2 protein chains.
Amino acid sequence: MADESYRVQSLGRALDIVELIAVAGRDGARLTDLAQSVGISKAAAYAIIQTLMARGVLSATGEGMTKRYRLGLSLVRLGDMAVSSTGIADIAMPILRDLTQAIGLTSRIAVWDEEAAVVVARADAPDNVRFDAALGRRERPHCSAVGKVFLAAMPRADAVSILERTGYPTRTPRTLDTLAALEADLDATRQRHYGIDDEEDHEGIACVAAGVFGYDGSAVAAISVTTLKQLLPDDAVPALAKSIIAHADRLSLAMGGMSAAQAWHKRIHLIAE
Amino acid sequence: MADESYRVQSLGRALDIVELIAVAGRDGARLTDLAQSVGISKAAAYAIIQTLMARGVLSATGEGMTKRYRLGLSLVRLGDMAVSSTGIADIAMPILRDLTQAIGLTSRIAVWDEEAAVVVARADAPDNVRFDAALGRRERPHCSAVGKVFLAAMPRADAVSILERTGYPTRTPRTLDTLAALEADLDATRQRHYGIDDEEDHEGIACVAAGVFGYDGSAVAAISVTTLKQLLPDDAVPALAKSIIAHADRLSLAMGGMSAAQAWHKRIHLIAE
DNA sequence: GCTATTGTTTGTTATTGCCAAACAGCGTTT
DNA sequence: AAACGCTGTTTGGCAATAACAAACAATAGC
């Protein structure tokens, strides 16, 4: 457990404020509410906000009683640079666009971060229903196609440890909510070389994901496609998965990594030890 | 001028550190260097970094002497939400993609922020040279097509004030480096309804931009296309501009604003006062 | 093996960020 | 119209806290 010391109080509160303003979105947030939500005085919140505004992290509109604080545009650059620093999005974008064009569906790529899969880029299909495809979204490990790809690729003990730590809350009637069921699905994922979310996170939504692997066979990213379950009959999944895997392999090879077939083969035979 | 008081010191230093880590990019940054660059002790920098890591703003790789700090993935979500809070990117993306498909070139959309135009979204063309199309990039007002669209649309006194404040540094031999030349170009921009950057910011690079206008005729955004100057003969510019304006108008109308023709007409006749 | 780094701790000081309360400005109500 | 209630902004004063310097452990490179 991380020690609570060696932390900067005012900075933590500033991040609380930024987070609150983020969820406020377009409407913006007010100083008084922010101060109360964070649990500090108005004056303290005021000083923090002034500092953040001077650096472009926040912006304000309106005057007097109608003043509202919103996220600032310096975050756009930081977010983009955070994606770049993963080192995969730049190479992935053209491949993602190819995939989207080939199958006519929005595709996304996610990387693993601590205990969740984070979407770092997407290629939107022209006429596609826009689900919650927000960048930076953290996909739960146990009920997302990308999450299960990462879990299946890592050592079994690590996967179990993560599942026990984060839990596996029931999101829909189809969510796999026992460790046994999840482990069985991870086995199936390894066998078929791709991960599936069959309405396990959101009713009516299905996902298929394939891994992107490094030179040592570890999963460095996962490419996924999301669509309405009713538009994806069960017998259409293998063909879709084949296309996703082909594009994911292109990315793996472009980065000097293993193909999906190689990586899963290695992973399956490593489970013995 | 903003008062230097009512600011939080530690928070400012934290933002310095984030900024330094951002420019370090893929290589990452080291604690000792960061502390020295910011001008604080290692212990202070350490506490700040620990706080930022606990919140996902930073991430670390390596152990011991090879430890490197990079931007964290929570910034991805914040950056995306900052774009969303402008309220234009969501509506703009499909239109931007249409424009890119129609002309075969990467298109971008920028909003005005204080004294620069900030790129908040882009639609990449399949086989296009990738310039510095980074999201969040701040385009200088005096030597970018989008910047000049914003300047031309605002009251003359405001534009001059901004130009005097930011200056108009010479970037290439073609950069307009006198106030008279810039004002003449803003006049031309108003007349022709689109802005041009003819190798004024970067040699060999040309841009064309059109405004997106609100209900009151103010410029809320600008759509631009960037390409190599040698691929864009002078007599091809009007046709390209016409296409850009048509798509920008679609966006303006979708948001309940004025068309380019209406907005520029109003703007030109307002200059009298 | 040693040296020169690194990131991580530890106390100690006074700087600094916090609170409470008073202020000015605006919108709504009385 | 004049009182109210609500903003965001400012002010002093106190003490919590973020800063420093220095010692620590652990590693990479010679």
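Below, read A as the first sequence line, B as the second, and so on, with proteins coming before strands; counting in each chain starts at 1. Worth saying up front: this structure is predicted, and the values here are computed from it rather than measured.
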Length of the [atom1]-[atom2] vector between [X] and [N], whole Å:
| X | N | atom1 | atom2 | answer |
| --- | --- | --- | --- | --- |
| A:R7 | D:dA19 | CZ | C1' | 18 Å |
| B:L31 | D:dT27 | CG | C1' | 15 Å |
| B:Q50 | D:dA18 | CD | C1' | 15 Å |
| B:Q36 | C:dG7 | CD | P | 12 Å |
| A:E63 | D:dC6 | CD | C1' | 16 Å |
| A:L34 | D:dT7 | CG | P | 12 Å |
| B:I40 | C:dT15 | CD1 | C1' | 14 Å |
| B:D16 | D:dA19 | CG | P | 11 Å |

*For A:Y46 and A:S10, take the nucleotide of DNA chain D holding the closest heavy atom to each; which residue's nucleotide lies nearer the 5' end?*
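This one resolves to A:Y46.
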*Which residue lies more 5' along DNA chain D, comparing A:R68 with A:L11 via nearest heavy atoms*: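 Counting from the 5' end, the first nearest nucleotide belongs to A:R68.
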Taking only the side-chain heavy atoms of [X] (C-beta and beyond), determine which of [options] contains the nearest atom.
| X | options | value |
| --- | --- | --- |
| B:I48 | C:dC19, C:dG7, D:dA19 | D:dA19 |
| A:S41 | D:dA19, C:dC19, C:dG7 | C:dC19 |
| B:K42 | C:dT8, D:dA28, C:dG17 | C:dT8 |
| A:A43 | C:dC19, D:dT17, D:dT27 | C:dC19 |
| B:T32 | D:dA19, C:dC19, C:dT6 | C:dT6 |

*Within a strict 4.5 Å, meaning less than it, do heavy atoms of the A:R68 and A:R30 side chains meet?*
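Touching, per the 4.5 Å side-chain cut-off.
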*asked:* Within the structure provided, determine whether A:R13 and B:V8 are in side-chain contact (heavy-atom separation under 4.5 Å).
replied: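 The answer is no; the side chains never approach within 4.5 Å.
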*In a check of side-chain contact (heavy atoms from CB on, under 4.5 Å) between A:I223 and each of A:I109, A:D249, A:V146, A:V149, which one passes?*
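Only one of A:I109, A:D249, A:V146, A:V149 forms a side-chain contact (heavy atoms from CB on, under 4.5 Å) with A:I223, namely A:I109.
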*Hey, is the side chain of B:R30 poking within less than 4.0 Å of OP1 or OP2 on C:dT6, counting only N and O atoms?*
yes
*Between D:dA26 and C:dG11, how far apart are the C1' atoms? Round to whole Å, please.*
22 Å
*Using atom P of each nucleotide, how far apart are C:dC19 and D:dA18 to the nearest Å?*
12 Å
*Does B:R165 come within less than 4.0 Å of B:D158, counting only side-chain N to carboxylate O?*
no
*asked:* Regarding B:R138 and B:D113, does a basic nitrogen lie under 4.0 Å from an acidic carboxylate oxygen?
replied: yes
*Identify, between B:R13 and B:D33, the residue whose nearest nucleotide on DNA chain C lies closer to the 5' end.*
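Its nucleotide being nearer the 5' end, the pick is B:D33.
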_Reading DNA chain C from 5' onward, which residue's closest nucleotide shows up sooner: B:K67 or A:M65?_
B:K67
